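Read through the structure below, which is laid out as structure tokens, and then see the notes.
We use all heavy atoms of the structure for the numbers below, so side chains are in, but hydrogens, waters and symmetry mates are not. What you see is a predicted model; the values in this text were computed from it and never measured.
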Amino acid sequence: MSSKLRDLIKTVRSCKTAAEERSQIAKESALIRTAMKEEDIESRQRNVAKLLYIHMLGYPTQFGQMECLKLIVSPSYADKRIGYLGLMLLLDEKQEVLLLATNCIRGDIMNPNQFIVGVSLCAFGNICSTAMARDISPEIEKVISHSNPYIRKKAALCAIRVLRKVPDLTENYIPKIKALLSERNHAVILTALTLIIEICEMDSTQIIHFKKMVPQLVRILKSLTSSGYLPEHDIGGVTDPFLQVKILRLLRILGQNDPEASDAMNDILAQVSTNTDSTKNVGNAILYECVQTIMTIESENGLKVMAINILGRFLLNRDNNIRYVALNTLSRVVNTDIQAVQRHRNTIVECLKDPDVSIRCRALDLIYSLVTESNIRVLVRELLNFLLIADAQFKSELVAKLCIVTEKYAPNKRWQIDTILRVMSIAGNFIPDEVPSNLIQLISSTPELSSYAVQKLYLALKQDITQQPLTQVGLWCIGEYGDLLVADKSQLPKDEEGLSLNVSEQAVIDIIELIFRHATTTQATRQYSLTSLAKLSSRFSQSSLQRIKTMIDNYKQNINLELQQRACEYSTLFDFDKKASILDRMPPIEKQEESPHVGNKNIPTQTPPQQHYNQQQQSQQSQQPQQQSSQFGSILDGLDSPTQTSTNSNNNNNNQQGGNNAMSLLEDIFGSAPTPTSNNNNNMMNNMNNNYGMGGMMNNNMGGMMNNNNNNNNNNNRSQASALLDIMGDLQLTPTPQQQPPQQQQQQQQQQQQQQQQPLSPTSSVLQPVPQPLTFLVYQKHGLNISYECSKPQPNNLSLTNINMVITNTGSSPITNFSLQAAVPKYLKIQLLAPSSTVIPPNNSGEVTQVSKVLNSQQGQKPILLRLKLDFQINGQPFSDVPDTPLPSLF
């Protein structure tokens with residue numbers, strides 16, 4: 001005979017090892033199986049109770065499921081209680097055995113014993129399946145109107161389970177629910193409110209049925225707040241806080257986007273906000289729910305200010321949970337009334353010093369939303385102080401936020417440069433890739449601050465050269481504006497601001513040499529140093545020229561191929577008579593005119609169709625390894641990824657025909673530029689770094705500057721700039737008609753003549769109407785919204801479509817490391833430019849744009865289809881998605 005449950009618990013607890021416990025459980029399970037086989041009715045209830053304890057310990061107990069069914073068919077309440085408890089724990093809705101219990105549950109629901117009805121309803125509400133819900137729903141509808149409130153409240157909870165399984169039955173319960181709100185029993189009202197909320201959340205179209213209940217709900221809530229002491233409902237001096245919270249939650253659902261219903265709630269919400277005691281946790285729970293309701297419905301402005309002030313009081317609470325809830329709610333409502341939130345700015349800033357990391361994170365997000373032009377200096381100072389003590393996990397995101405608000409609200413350019421330099425000096429190597437690039441763009445586009453900026457960076461390098469991003473920006477500026485750094489400051493123009501530092505040429509070269517030799521210097525920083533020396537060779541006096549050339553020559557045999565190639569190319573420039581024009585100061589970098597490679601390095605690019613020339617295969621080139629374009633990743637089947645192509649010219653023809661051509665002259669000296677082709681994103685970036693003169697961030701910015709300079713010079717200067725791009729730039733070279741070999745010119749002329757002679761086909765794009773520009777949303781997920789602004793730029797060429805992608809962020813946290821890649825079918829060709837930023841501000845406070853151009857070779861026959869690959873991070877958590885975004889057929 002098996003032991004009692006109490007004895008089993010004592011035996012298991014006395015086991016000293018897991019093996020001893022397993023042995024004891026195995027023995028007891030064997031005794032229970034034996035009793036089941038012998039149909040021992042007297043010990044059945046005790047055996048099921050022991051099985052429940054064994055189940056709680058994690059051991060298999062499936063063999064006892066039929067014993068539970070035998071207990072629930074027993075007329076005894078004690079047996080039914082254990083049987084239904086075992087049914088809930090040992091079975092779930094997927095078990096076929098549960099079908100055998102349907103008739104028994106239906107009968108017990110209609111039992112005259114309220115306790116039997118109660119346990120059957122409890123089991124039904126926990127393990128009800130879809131089939132069981134349809135079968136027993138009529139009985140639930142009957143008992144929901146039972147005279148006993150104990151049964152009515154349990155039936156209302158079972159109705160929630162039924163509607164979750166079978167939403168089609170909602171209409172059957174709505175008349176029953178309205179009667180439940182007239183009850184005086186608080187438990188019945190509470191369950192009825194829960195059922196109404198569940199229906200409204202499942203189907204928003206049902207809300208209209210409950211709009212008329214708003215006055216009744218207001219009366220119930222008013223009676224709770226104004227009633228005296230009720231011992232049966234009092235919790236911490238508050239009358240039934242659970243019911244008050246549930247009513248407020250339902251009022252929030254019913255009053256959303258409904259001014260009439262919201263107006264009926266304003267008075268009671270103000271009364272609850274004023275009279276509820278906030279010194280106890282139950283009062284704070286009601287106040288928090290009241291604030292949520294006020295900020296959701298169409299409430300009065302004064303009521304919203306009161307709600308924000310309540311959240312401000314929460315911030316002074318010692319309980320971290322309440323402070324976190326307040327910060328989280330303020331982040332969501334800051335756009336509703338930013339002036340009211342600004343009153344609590346000091347309290348929010350103090351939360352940055354909290355030892356709880358979650359509090360600091362929420363406060364940081366909220367402060368970012370509070371920054372305006374009037375308080376930018378104060379809040380940035382506080383954020384810089386927080387950056388000094390911030391954990392490593394916060395620094396990268398904090399730097400990105402600081403740079404965004406600084407760029408958006410900076411009072412002047414000088415303050416913006418000072419702030420970003422301060423951020424970079426504090427953050428060290430926790431700097432996002434776009435920050436140094438944006439700083440270089442800012443300095444180059446503000447010539448009146450060039451002298452000031454280069455002197456500030458020189459001082460920063462003298463203090464610390466271990467921070468690689470700051471060192472790279474400093475080297476870029478010294479290379480560009482080295483003459484301003486060593487110039488006599490009294491001779492500067494009046495509009496040129498500076499620090500009046502007296503710096504010698506040798507001191508500048510000394511600090512570059514120190515950077516070369518420092519142990520923490522990366523290969524990328526050494527590449528910047530070589531380029532900076534090459535630029536200084538045209539800015540410093542002849543006395544420093546030999547030392548610069550010696551430092552560059554030291555790297556001509558470096559083990560690193562990138563450094564070796566740069567050193568060889570720069571060293572050869574010293575003998576080139578047009579060195580000064582090649583190394584001249586870069587024009588201002590226009591942020592909106594970036595090269596396709598500028599920005600996120602993971603973005604594939606493709607040359608425009610009009611720049612795609614036929615490549616001539618030469619016997620010498622056939623011996624070189626060729627990279628084949630392939631689909632990026634494995635996300636697309638049947639679609640070609642965008643590729644980058646460039647022109648391969650015959651070196652011998654160029655040498656023979658280019659007597660006065662600077663491009664051919666440089667090819668005589670250095671050899672032709674290697675031809676980059678896109679295999680995948682990593683190969684593309686490797687080719688760019690290996691084949692061109694400047695890598696990394698300088699590659700991006702100088703490539704864009706070179707492109708602007710090309711459009712302003714004559715053909716000869718354009719050729720020299722193109723040659724410089726081959727050495728230093730990141731931009732793909734496309735030869736002008738004067739630079740092309742005669743064979744290519746003849747082929748192009750013949751093709752143009754053939755196209756002019758061919759008659760227009762009936763489906764010619766000239767005869768088709770030009771579609772009007774169209775804007776539509778193509779993606780909305782995780783707070784990330786992407787809209788397409790489509791247009792036809794050339795009315796006589798409808799096969800070309802411009803797509804301006806506008807990316808916004810509706811979430812409360814910024815989206816960082818944003819990357820957008822696109823692939824198209826084979827009949828389409830795409831040019832995908834870089835996004836304007838890789839950080840998307842939260843709360844729709846800014847937008848990121850990315851331009852693409854699509855050429856449809858089967859215009860009018862096949863539509864334009866873009867498959868995007870999105871990669872981004874929110875609060876450090878990575879997200880990835882691959883949506884299809886087809887364009888309307890008119891495009």
Q: Under the side chain to side chain donor-acceptor pair (under 3.5 Å) rule, what do D354 and Y324 come out as? Steps first, then yes or no, please.
A: CA-CA 11 Å; D354 195 278; Y324 180 87; over 6 Å; no
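- Counting heavy atoms from C-beta on, the side chains of L121 and I140 come closer than 4.5 Å.
- The structure places SG of C122 at 5.0 Å from CG of N126, a figure rounded to the nearest 0.5 Å.
- For S262 (side chain) and G255 (main-chain N/O), a donor-acceptor pair under 3.5 Å exists by modelled atom type.
- Put simply, the side chain of L449 does not reach to within 4.5 Å of the side chain of L442, judged on heavy atoms.
- In R332, the CZ atom is crowded: over 12 heavy atoms of neighbouring residues, nucleotides or ligands sit closer than 6.0 Å.
- L248 CG to I253 CD1: the interatomic distance, rounded to the nearest 0.5 Å, is 11.5 Å.
- The environment of CG in N412 is crowded: more than 12 heavy-atom neighbours from other residues, nucleotides or ligands sit within 6.0 Å.
- A heavy-atom distance below 4.5 Å is not found between the side chains of R249 and Q292.
- A 6.0 Å sphere centred on OH of Y150 holds more than 12 heavy atoms belonging to other residues, nucleotides or ligands.
- Looking only at side-chain heavy atoms (C-beta outward), F314 and T329 stay at 4.5 Å or farther from each other.
- The shortest non-hydrogen separation linking L315 to A326 is CD2-CB, 3.8 Å.
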- Item | Derivation of the side-chain contact (heavy atoms from CB on, under 4.5 Å) call for L254 and L217 | CA-CA 11 Å; L254 299 179; L217 294 172; 3.8 Å; yes
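- Across all their heavy atoms, A340 and I308 have their closest contact at CB-CD1, 3.6 Å.
- The environment of NZ in K280 is sparse: at most 12 heavy-atom neighbours from other residues, nucleotides or ligands sit within 6.0 Å.
- Across L224 and T239, no two heavy atoms sit closer than the pair O-CB, 3.7 Å.
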side-chain contact (heavy atoms from CB on, under 4.5 Å) for I376 and W415? Distances and angles first, verdict last.
CA-CA 11 Å; I376 177 68; W415 183 88; 3.5 Å; yes
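- Ring orientation note: the planes of Y788 and F776 are nearly perpendicular, at an angle over 60° on the 30°/60° scale.
- A donor-acceptor contact shorter than 3.5 Å is absent between the side chain of T446 and the backbone of I443.
- L89 meets the side chain to side chain contact (heavy atoms under 4.5 Å, CB included) test with L52, H55, L85; sequence neighbours excluded.
- With E434 as reference, T838 is the one residue of T816, N817, T838 to meet the side-chain hydrogen bond (donor to acceptor under 3.5 Å, both in side chains) rule.
- One finds no salt bridge joining K176 and E141 here, because no Lys/Arg side-chain nitrogen approaches an Asp/Glu carboxylate oxygen to under 4.0 Å.
- With sequence neighbours excluded, the residues that form a side chain to side chain contact (heavy atoms under 4.5 Å, CB included) with V848 are I807, P835, S836, S837, I840.
- Each salt bridge (Lys or Arg N to Asp or Glu O under 4.0 Å) pair with one or both residues in residues 263-277, not counting sequence neighbours, would appear here, but there are none.
- E289 pairs with exactly one of R252, Q244, K246 by the side-chain hydrogen bond (donor to acceptor under 3.5 Å, both in side chains) rule, that one being R252.
- The pair K211-E260 does not meet the salt-bridge criterion, since no charged nitrogen lies less than 4.0 angstrom from a carboxylate oxygen.
- Sparse packing is recorded around NZ of K413, with 12 or fewer heavy atoms of other residues, nucleotides or ligands lying under 6.0 Å away.
- A 4.5 Å side-chain heavy-atom check between I235 and F242 finds at least one atom pair inside the cut-off.
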Practice task
Take L784 and F818 through the side-chain contact (heavy atoms from CB on, under 4.5 Å) test and state the conclusion after the steps.
Solution key: CA-CA 10 Å; L784 178 67; F818 176 75; 4.0 Å; yes
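- Among all heavy-atom pairs drawn from L352 and L383, the shortest one is CD1-CD2, 4.3 Å.
- In this structure, the separation between CD1 on I207 and CG on N257 is 9.5 Å, given to the nearest 0.5 Å.
- Proximity of T336 to M295: side-chain heavy atoms (C-beta onward) are separated by under 4.5 Å at one or more points.
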Worked verdict on D871 versus S880 for side chain to side chain donor-acceptor pair (under 3.5 Å) = CA-CA 5 Å; D871 295 292; S880 182; 3.0 Å; yes
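- In this structure, NE2 on H209 lies 9.5 Å from CD1 on I199, to the nearest 0.5 angstrom.
- Using a 4.0 Å cut-off between a side-chain N of Lys or Arg and a carboxylate O of Asp or Glu, D356 and R323 do not qualify as a salt bridge.
- The 12-atom threshold is not exceeded at CD of E300, counting heavy atoms of other residues, nucleotides or ligands nearer than 6.0 Å.
- Smallest separation of non-hydrogen atoms from M424 and P436: CE-CG, 4.2 Å.
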(message) Would T205 and D203 count as a side chain to side chain donor-acceptor pair (under 3.5 Å) here? Give the steps.
(response) CA-CA 5 Å; T205 59; D203 187 2; 2.6 Å; yes
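- With hydrogens and angles disregarded, a donor-acceptor distance shorter than 3.5 Å links the side chain of N375 to the backbone of T372.
- In this structure a side-chain-to-backbone donor-acceptor pair under 3.5 Å is missing from S813 to I874.
- When every heavy atom of K395 is checked against every heavy atom of A427, the shortest pair comes out as CD-O, 4.5 Å.
- Listed for the Q850 side chain is no donor-acceptor partner under 3.5 Å among the backbone atoms of M805.
- The shortest distance between side-chain heavy atoms of I367 and E382 does not fall below 4.5 Å.
- Atom CD1 of I220 is separated from atom NE2 of H186 by 8.5 Å, given to the nearest 0.5 angstrom.
- For residues 362-380, every residue pair satisfying the salt bridge (Lys or Arg N to Asp or Glu O under 4.0 Å) rule, not counting sequence neighbours, is listed here: R362-D365, D365-K401.
- Note on ring orientation: taking the six-membered ring where Trp is involved, the planes of F879 and F872 are parallel (angle under 30°, cut-offs 30° and 60°).
- Pairs passing the salt bridge (Lys or Arg N to Asp or Glu O under 4.0 Å) check and including a residue from residues 808-817, sequence neighbours excluded, do not occur.
- For E350, the salt bridge (Lys or Arg N to Asp or Glu O under 4.0 Å) criterion is met by K353, not counting sequence neighbours.
- Between the Q780 side chain and the V778 main chain, no donor and acceptor come within less than 3.5 Å of each other.
- When atom types are taken as modelled, the side chain of H146 and the backbone of N148 share a donor-acceptor pair closer than 3.5 angstrom.
- Side-chain atoms of T775 never come within 3.5 Å of backbone atoms of E789 as a donor-acceptor pair (strictly under, hydrogens ignored).
- S845 has its side chain within reach of K408: a pair of non-hydrogen atoms, C-beta onward, lies under 4.5 Å apart.
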* To do: Mind running side-chain contact (heavy atoms from CB on, under 4.5 Å) on I348 and V341 for me, showing each step along the way?
  => CA-CA 9 Å; I348 296 169; V341 181; 4.2 Å; yes
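- Checked by atom type, the side-chain pair N275/T225 shows no donor-acceptor distance below 3.5 Å.
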